[in-house]
Amino acid sequence: MDIFKKKLVSFIKAVIKEKKNIDISDEESEKLIKNPPDVSFGDYSLASYYLARYGFKGKPEDIAEEIFNFFAPNFADIEELFDKIEIKGAYVNFFVNKEKFASFVVRDVTDSGGDYGRGAPQKPLKVIIDFSSPNIAKPFGVGHLRSTVIGMSLSKIYEFCGHNAIKINYLGDFGTQFGKLITAFCRYGDIDFSEFEKDPVKILYGLYVRIHKDEQADATVEEEAKNRFKTLEDFISVNKRSFEEYLGGVNSVNNINGKNIENGSGGEADSACASGNTKLSGENKNFFCGTPEGQYNLWKLFRKLSIDEFKRIYESIGIEFDAYEGEAYSAEFSKDIKEILLESGIAEISEGAVIVNVKGVKAPALIAKSDGTSLYLSRDIVTAVSRMAKYNFDKMIYVVGSEQALHFSQLFGIFGKLKENIQKIKDNPNFKNYASIIDGRLVHVKFGRIIGMSTRKGNLVFLEDYIEEARIKAKEKLEERPKILGGDLNALNPDIEPGVNKEPAESENEQIYSTSLKVGVGAVIFNDLKTRRTTDVNFSWDNVLSFEGQTGPYLQYTVSRINSLVSKLGVPDSKGKNPDVAFSKNDADFNDIFLIARQIAFFGDALNEAMEQNEPSVLSSYALELASLFNKYYQNYRLIGNAKDYVEPRFFMLSAVRMVLIRILNLLCVPVLERM
RNA sequence: GCGUUCAUAGCUCAGUUGGAUAGAGCAACAGCCUUCUAAGCUGUGGGUCGCAGGUUCGAAUCCUGCUGGACGCACCA
């Protein structure tokens, strides 16, 4: 919060104390302060109708008058920072001293040394963010991009606000679908193993599409797939220890900063057959298709190949995880969950299957199938309890599409029911401990569908092709630029002096490649983060490939422009620490500088709102507005060629804009370019 | 049928959680590059906030009904 708002907060507290003898907190007081829709109304306003809750009575206009009459004689208290107070209808409007305001904000950003807006809560929360979660053996499509970028962005936002984010990728690596995949692999004898090694995920996807088609005509497919899945699950859970035992040991691995870094291995599931034969060929097909151990190895191989592929893609768009988990990991304990829930009466048997009736949800929650195999709901229960044991989280966010809203309301409802009935569970002290405190800490961050593609029909758009398309468009745009095409290609590379030391053509192409790739990736990612999560996205190439207006490249471009200008201006002597920044309202550009400073001052609010609502798009809109204000300024006023004491404060203003924009681009996973 | 969710300019979307005159960007049209990057800037046109009621000082926002779309609803994930 800036000092101006702080001043108002205490001013308003004072009036409520004086008039109604009520003490309100800073937070309450701050909530009463709004930003008027138009700067001509003032910079902050107090809406009198909010005061009704503190006992002020009468028409809003009269309350406003009463407040105003109190403020006016006490104006000296805030005179240092404010120019005037006005009454307008139901509002009391405050006008800041614009010169002081602009100077304060610019200096505030500059002094923060790149950390402007970073939060430092008294008690940082431990927040698990479960996102991306692709299904193995399927290509990474644009559908997964949304969860991936929303989750990654939220992780960064929580971290920047001072909390601990734990990023988990929960792979869809289990379930009947893998029975189907193994069935496909074993039924179709025409797999080219050398091709398979080259692009395994594509081949696996082909199998997936093919078996789905055959399933329609051939009823034995489903039968075989179910059996194979059962074999797989039985093989994995021929175990060794109970969930209770597992929970007893797991929190000992909890380390200091709350992060448990796991690699992409399958956790427990891996150890079941670590030395397995995973080299595929035509000869050992009998082993893979005919024995439980072979099938397990086959599944494990599919899993590994998929993860390798995912990691390559994540790296290319700057996504990383603290842990890779998988459903298979939890499958081992799904039987324990089933028994606990049944024994305690939380679950019941219906039509041979195990179900839980959850308060407020009509559809029964299915825990286990009538053939005894697990369903993903039961695996999610296991996972949540394991994570509580392991991380002791304050909050766990699932970034999953809104089509799974029912699933999550069932999952959350089950933890509510567990909490209520915890004493009915016999033994299992560890389980009771962890399971009872989960209720209320789970959040489903849902998002709308991308309309226009589907895996079943086989017309899935692969993420890599999608980015490639954007990259090519960016390259075309880049090559249209006269400066770059005409002569100075090296202008793209800040490390090379223009005109000197010309690099060979190949390197120039590399520059173009990397620049256009960053623009393409930026366009694609920003496109997913600029609208509110819950709205469905009508997929359109025209939209994604437009780099003008409200787009990622527009923001990247704005930063590049500032970079260029700043380097031409040269860094002032004061080097940026505690600079002497002062603006004069007599300068022609002052009003625009003020508007920029005002927008910068809103950054903290935008950040908070983005976190509270788990909504990165709040930052997207904010950044677009800031960039737009800057571009208007840039267009209308020239800096180069002016006197030093005119340029210097503006230099810091430019740097402040750049700092905030770069921060937001980072938070939104949009690459930042030096030049473009 | 039940449930969830959405409907704002031709198109894509904002709209400070019930507040001041409903805003941007695309697209269309008209302008601005010998001067800090034109992926930019300026201007014009474009609205019964799906429809009908209700709640109150005040509704795009809240409640009810209707219309239309999306998604989900027992052994997939």
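Lettering of chains follows the sequences in order, A, B, ..., and the numbering in each one begins at 1.
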Nucleotide N/O of nucleotides 70-72 of chain B paired with protein N/O under 3.5 Å:
{"residue": "rA70(B)", "atom": "O2'", "partner": "D536(A)", "partner atom": "OD2", "Å": "3.2"}

**Message:** Taking the nucleotide of RNA chain B with the nearest heavy atom to each, does Y44(A) or I355(A) sit closer to the 5' end?
**Reply:** Y44(A)
**Complete:** Those residues at least two apart in sequence (or on a different chain) that pass side-chain contact (heavy atoms from CB on, under 4.5 Å) with Q550(A) are L624(A)
**Message:** Looking at E348(A), I'd like to know if its CD atom is crowded, meaning that more than 12 non-hydrogen atoms belonging to other residues, nucleotides or ligands lie closer than 6.0 Å.
**Reply:** yes
**Message:** Over all strands shown, is N93(A) touching base, sugar-phosphate only, or nothing at heavy-atom distances under 4.0 angstrom?
**Reply:** base
**Message:** As an exercise, state the distance from CD1 of I381(A) to OG of S330(A), rounded to the nearest 0.5 Å.
**Reply:** 10.5 Å
**Request:** Measure distances between side-chain N and O atoms of S45(A) and base N and O atoms of rA20(B), and say whether any donor-acceptor pair falls under 3.5 Å.
**Result:** yes
**Asked** rC33(B): syn or anti, with syn meaning chi within 90° of zero?
**Response** syn
**Request:** For R675(A) and N563(A), test the side chains for any donor-to-acceptor distance below 3.5 angstrom and give the result as yes or no.
**Result:** no
Could you list, one pair per line, each protein nitrogen or oxygen that sits under 3.5 Å from a nitrogen or oxygen of nucleotides 38-47 of chain B, together with the distance?
{"residue": "rA38(B)", "atom": "OP2", "partner": "R561(A)", "partner atom": "NH2", "Å": "2.6"}
{"residue": "rA39(B)", "atom": "OP1", "partner": "R481(A)", "partner atom": "NH1", "Å": "2.9"}
{"residue": "rA39(B)", "atom": "OP1", "partner": "R481(A)", "partner atom": "NH2", "Å": "2.4"}
{"residue": "rA39(B)", "atom": "N7", "partner": "R481(A)", "partner atom": "NE", "Å": "3.0"}
{"residue": "rA39(B)", "atom": "N7", "partner": "R481(A)", "partner atom": "NH2", "Å": "2.9"}
{"residue": "rG40(B)", "atom": "OP1", "partner": "G549(A)", "partner atom": "N", "Å": "3.0"}
{"residue": "rG40(B)", "atom": "O2'", "partner": "R561(A)", "partner atom": "NH1", "Å": "2.7"}
{"residue": "rG40(B)", "atom": "O2'", "partner": "R561(A)", "partner atom": "NH2", "Å": "3.4"}
{"residue": "rG40(B)", "atom": "O2'", "partner": "Q635(A)", "partner atom": "OE1", "Å": "3.4"}
{"residue": "rG40(B)", "atom": "N2", "partner": "Q635(A)", "partner atom": "NE2", "Å": "2.9"}
{"residue": "rC41(B)", "atom": "OP1", "partner": "Y554(A)", "partner atom": "OH", "Å": "2.8"}
{"residue": "rC41(B)", "atom": "O4'", "partner": "Q635(A)", "partner atom": "OE1", "Å": "3.2"}

**Test side-chain hydrogen bond (donor to acceptor under 3.5 Å, both in side chains) applied to E548(A) - qualifying residues, sequence neighbours left out** = K477(A)
**Asked** Want to know the stems of RNA chain B: at least 3 consecutive Watson-Crick or G-U pairs with distances under 3.5 Å, which are they?
**Response** B:1-5 with B:69-73, B:10-13 with B:23-26, B:28-32 with B:40-44, B:50-54 with B:62-66
**Complete:** Taking for N35(A) and for R638(A) the nucleotide of RNA chain B with the nearest heavy atom, the one nearer the 5' end belongs to N35(A)
**Request:** Taking only the side-chain heavy atoms of T531(A) (C-beta and beyond), determine which of rA74(B), rC13(B), rU37(B) contains the nearest atom.
**Result:** rC13(B)
**Message:** Counting the atoms with a prime plus P, OP1 and OP2 as sugar-phosphate, which does R533(A) contact under 4.0 Å by heavy atoms, base, sugar-phosphate, or nothing?
**Reply:** nothing
**Message:** Using the ring-ring contact (aromatic ring centres under 6.0 Å, His included) criterion, which residues pair with F310(A)? Sequence neighbours excluded.
**Reply:** F140(A)
**ring-ring contact (aromatic ring centres under 6.0 Å, His included) contacts in which one or both residues fall within residues 610-629 of chain A, not counting sequence neighbours** = F603(A)-Y622(A)
**Asked** Excluding sequence neighbours, so at least two apart, what forms side-chain contact (heavy atoms from CB on, under 4.5 Å) with A64(A)?
**Response** S48(A), I87(A), V92(A)
**Asked** Taking only residues two or more places apart in sequence or in another chain, which ones pass side-chain contact (heavy atoms from CB on, under 4.5 Å) with E339(A)?
**Response** none
What's touching nucleotides 55-63 of chain B from the protein side, N or O pairs under 3.5 Å?
none

**Message:** Restricting to side-chain contact (heavy atoms from CB on, under 4.5 Å), what partner residues turn up for T535(A), sequence neighbours left out?
**Reply:** T531(A)
**Prompt:** Has the side chain of T176(A) got a donor or acceptor that lies under 3.5 Å from a partner of the other kind on the base of rA77(B)?
**Reply:** no
**Message:** Looking at K230(A), I'd like to know if its NZ atom is crowded, meaning that more than 12 non-hydrogen atoms belonging to other residues, nucleotides or ligands lie closer than 6.0 Å.
**Reply:** yes
**Request:** Calculate, to the nearest 0.5 Å, the distance between atoms OG and OH belonging to S628(A) and Y633(A) respectively.
**Result:** 15.5 Å
**Asked** With sequence neighbours left out, which residue pairs that include part of residues 31-54 of chain A fulfil the ring-ring contact (aromatic ring centres under 6.0 Å, His included) condition?
**Response** Y49(A)-Y91(A)
